[in-house]
Amino acid sequence: MRQGLDVSAGMWISVEPSLYSLLRRLESLSLEPAFAMERDGALAMFLQPYAGPQSSRPLSPLPEEVALAELSVYADYLPRGGQLSLIEQVRDLIEVHVPQEERDWLDPLRHSAMDVLEVTGVRERGSVSELAVLSLGDQRKLQLAPAELARPVQVGQVLVTRVVSRDDRQILCGTAIVLAKGVAASVMAAVNESRREMEALAGSFELGEWAEFAKRYGHVLMWQVAQSRLSRLIEGETMTRYESSSGEAFLPAVAIYEHHEFASLAGELGSGGTWHGVESREGAQGQGETARTWVQRGDASRHAPDRVVARLTLTPSQLWVECATADRLEAIKHDLASTFGFSLHFRGETFMAPSHRLVEPDLSKDLSENRLITVSPEEEQRLWSTFLEEVYLDWPDKPSPALGGKTPRHAAASADTRPKVADLIHRIEKFDLARQRTGRAGYEYDKLRTHVGV
């Protein structure tokens, strides 16, 4: 248990020295060999959403979550096999002197419980803050004892914490997790749903009392806070925008098709609607053939509504689809299938997530913040190469529309159609999209020539 006031994603709160000493004593007892397994099992239950191999966890528990879990071990957890709880062990200590000022906290701590408190008033008095709060569990109004807070809180924010009542005073027990009001509402909705399910299974309404529920099942509240962190992380990742080093939108959801109807496809795509043409270009070696590009601009970001969210690149033999999100890619694939049918031959798709650092979600704000990440040419080249390696792995043995439905390997076996295979590979290489973006081809096309024998 900590007493410091260092700033973190949650909040540390000063406590009276006698209570702090008792918490340190309880911590020491919990680490004794006779209780260590109980402690580990209890903490594993409280922090269950973070279970699993360290390398596979997108998030680790906040220090404040760990501290609240430890407080639950001290104050709420009942060991198995008849072993005394930690508070009972302190009460029965005779070989070690426990000061009376610590003993005076035993009953208040034993009767304390987790709570979700909306801040309704804040009064600053020098270095301490006096908070008026409303319990979202049972609608109790509380005036909390003055305390030093590691970070300022605002009216409307919500604290997930433990309340200890003593001598008509309500004290926050050392730490809290700060939630925005909207986040807290979703947490409480999930917690209340769990309460109803437990009551239905047990056939009893005793958990209708918030204090009883929070005392026995405080871990359910912590699980929902952890789920909110994960949901917010996913939301933040979904809203993350990428751009190339040249400032062009990098769209990570990609699909590729083959075709043999450039003119008709270009005419249909250029006929208006939501797609807007932006450029045409010759292949890397000229020779008159061009590629066409269309984009969609839209609603992928509330802060950048005009940014490119999808891009189509049509070359003489392929159609590339790039989207900001996997959902948008799926929708566009369905539109293309309904519009062009068998004119397009699907060859593969991927989500090319650029390497980047995950950002701790801020639950004290209702909305996630947009991030813009610049993808280096080296990273973009790596992503394209990985995808194209997969696309062309079995390309020689897939029917090609440019070869009349024959596979490249089959067509290359005939002297009459072998030149068509060589020309097809040449056009694919000439319009390599990775080379346009990074200056380097995304695939070694001589591998295809070797595989089919041209």
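We use all heavy atoms of the structure for the numbers below, so side chains are in, but hydrogens, waters and symmetry mates are not.
- Taken to the nearest 0.5 Å, the CD1 atom of Ile256 stands 11.0 Å off from the CH2 atom of Trp395.
- Side-chain N or O atoms of Thr175 include one that pairs as donor or acceptor with a backbone N or O of Met11 at under 3.5 Å.
- Using modelled atom types, one finds no donor on one side chain facing an acceptor on the other under 3.5 Å when comparing Tyr74 with Arg25.
- Salt bridge annotation for Arg382-Glu378: absent, with no cationic side-chain nitrogen under 4.0 angstrom from a carboxylate oxygen.
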Stepwise side-chain contact (heavy atoms from CB on, under 4.5 Å) check, Met352 with Glu380: CA-CA 9 Å; Met352 304 192 303; Glu380 190 168 1; over 6 Å; no
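- The minimum heavy-atom distance linking Ala326 with Phe351 is given by the pair N-CE1, 4.1 Å.
- In this structure, Lys215 is not positioned above the aromatic face of Tyr217 in the sense of NZ or CZ being under 6.0 Å from the six-membered ring centre and within 45° of the axis.
- Note that the OG atom of Ser129 and the CD atom of Glu124 stand 3.5 Å from one another [nearest 0.5 Å].
- For the side chain to side chain donor-acceptor pair (under 3.5 Å) test, residues two or more places apart in sequence or in another chain that qualify with Glu88 are Ser85.
- In the model, Asp327 has no side-chain atom that pairs as donor or acceptor with a side-chain atom of Thr325 under 3.5 Å.
- Counting only residues at least two apart or in different chains, ring-ring contact (aromatic ring centres under 6.0 Å, His included) contacts with residues 229-253 comprise Tyr242-His356.
- At a cut-off of 3.5 Å, with distance as the only test, a side-chain donor of Thr274 or Gln296 sits close to an acceptor on the other residue.
- Counting only heavy atoms from C-beta outward, the side chains of Leu221 and Val160 approach each other to under 4.5 Å.
- Trp105 approaches Leu22 most closely through the heavy-atom pair CB-CD2, 3.5 Å.
- Between the side chain of Arg151 and the backbone N or O of Val178, no donor-acceptor pair lies under 3.5 Å.
- A donor-acceptor pair is defined here as one N or O able to donate and one able to accept, closer than 3.5 Å; no such pair exists between the side chain of Thr339 and the backbone of Leu336.
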Stepwise side-chain contact (heavy atoms from CB on, under 4.5 Å) test for Tyr257 and Arg347: CA-CA 5 Å; Tyr257 296 84; Arg347 286 296 179 258; over 6 Å; no
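- A 4.5 Å side-chain heavy-atom check between Val191 and Trp210 finds at least one atom pair inside the cut-off.
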Chi angles and distances behind the ring pair (Phe, Tyr, Trp, His ring centres under 6.0 Å) call for Tyr445, Tyr392: CA-CA 9 Å; Tyr445 292 94; Tyr392 294 126; 5.7 Å; yes
Worked check of side-chain contact (heavy atoms from CB on, under 4.5 Å) between Met114 and Leu68: CA-CA 8 Å; Met114 296 273 289; Leu68 287 172; 4.3 Å; yes
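- For the pair Glu65 (side chain) and Leu62 (backbone), a donor-acceptor distance under 3.5 Å is present.
- Residues Thr315 and Arg427 are not in side-chain contact: their nearest non-hydrogen atoms beyond the backbone lie 4.5 Å or more apart.
- Between the side chain of Arg166 and the main chain of Ile171, no donor-acceptor pair closer than 3.5 Å is present.
- Between Val153 and Leu131 there is a side-chain heavy-atom pair separated by less than 4.5 Å.
- No donor-acceptor distance shorter than 3.5 angstrom exists from the side chain of Thr161 to the backbone of Leu172, with no hydrogens or angles considered.
- Of the inter-residue distances, the one linking Ser364 atom OG with Leu179 atom CG reads 8.5 Å to the nearest 0.5 angstrom.
- Here the NE2-CG distance, from His219 to Leu47, works out to 11.5 Å after rounding to the nearest 0.5 Å.
- Within the 4.5 Å cutoff, the side chain of Ile177 has no heavy atoms near those of the Leu159 side chain.
- The residues Arg140 and Asp115 are annotated as salt-bridged, a charged nitrogen and a carboxylate oxygen being separated by less than 4.0 angstrom.
- Atoms CD and SG, from Glu16 and Cys173 in turn, are 10.5 Å apart once rounded to the nearest 0.5 Å.
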Worked verdict on Glu212 versus Arg195 for salt bridge (Lys or Arg N to Asp or Glu O under 4.0 Å): CA-CA 11 Å; Glu212 176 67 18; Arg195 289 170 66 186; over 6 Å; no
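- Residue pairs meeting the ring-ring contact (aromatic ring centres under 6.0 Å, His included) criterion with at least one partner in residues 144-173, sequence neighbours excluded, do not occur; the list is empty.
- Salt bridge annotation for Glu118-Lys141: absent, with no cationic side-chain nitrogen under 4.0 angstrom from a carboxylate oxygen.
- Contact of the Gln143 side chain with the Val133 side chain is not registered, since no non-hydrogen atoms from C-beta on lie closer than 4.5 Å.
- Across all their heavy atoms, Val119 and Gln154 have their closest contact at CB-O, 3.7 Å.
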Side chain to side chain donor-acceptor pair (under 3.5 Å) evaluation trace for Ser72 with Arg162: CA-CA 9 Å; Ser72 293; Arg162 175 173 291 271; 3.3 Å; yes
Criterion side-chain contact (heavy atoms from CB on, under 4.5 Å) on Val187 and Val116, from CA distance to verdict: CA-CA 10 Å; Val187 167; Val116 183; 5.6 Å; no
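- Using a cutoff of 4.0 Å between basic side-chain nitrogens and carboxylate oxygens, Glu209 and Arg216 are not scored as salt-bridged.
- Considering only heavy atoms from C-beta on, Arg311 comes within 4.5 Å of Thr313 through its side chain.
- Two rings, from Trp294 and Trp320, have their centers 6.0 Å or more apart.
- Ser112 contributes no side-chain N or O that, together with a main-chain N or O of Val164, makes up a donor-acceptor pair within less than 3.5 Å.
- The backbone N or O of Ala145 lies less than 3.5 Å from no partner atom in the side chain of Glu130, so there is not a single donor-acceptor pair.
- Although no hydrogens or angles enter the test, the distance criterion places a donor-acceptor pair under 3.5 Å between the side chain of Ser244 and the main chain of Glu248.
- Of the listed residues (Leu319, Asp335, Leu269), just one forms a side chain to side chain contact (heavy atoms under 4.5 Å, CB included) with Phe340, and that residue is Leu269.
- Under the side chain to side chain donor-acceptor pair (under 3.5 Å) rule, Tyr77 has a single partner from Arg39, Glu70, Glu38, which is Glu38.
- A distance-only check finds a donor-acceptor pair linking the side chain of Thr438 to the backbone of Ala434 [under 3.5 Å].
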Step-by-step side chain to side chain donor-acceptor pair (under 3.5 Å) determination, Glu101 to Ser18: CA-CA 6 Å; Glu101 54 266 29; Ser18 54; over 6 Å; no
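- Residues Gln157 and Lys181 form no side-chain contact, since every pair of their non-hydrogen atoms from C-beta on lies 4.5 Å or further apart.
- The two residues Ser228 and Leu363 come nearest to each other via the heavy atoms O-CD2, 3.9 Å.
- Look at Glu258 and Lys398 and you find no salt bridge, because none of the NZ, NE, NH1 or NH2 atoms lies under 4.0 Å from a carboxylate O.
- From Ser194, atom OG reaches atom CD of Gln224 across 5.0 Å, with rounding to the nearest 0.5 Å.
- We find that Arg232 and Glu237 are not joined by a salt bridge, their nearest charged nitrogen and carboxylate oxygen being 4.0 Å or further apart.
- Summarising the geometry of Ala75 relative to Leu109, their closest heavy-atom pair is CB-O, 3.4 Å, with the distance given to 0.1 Å.
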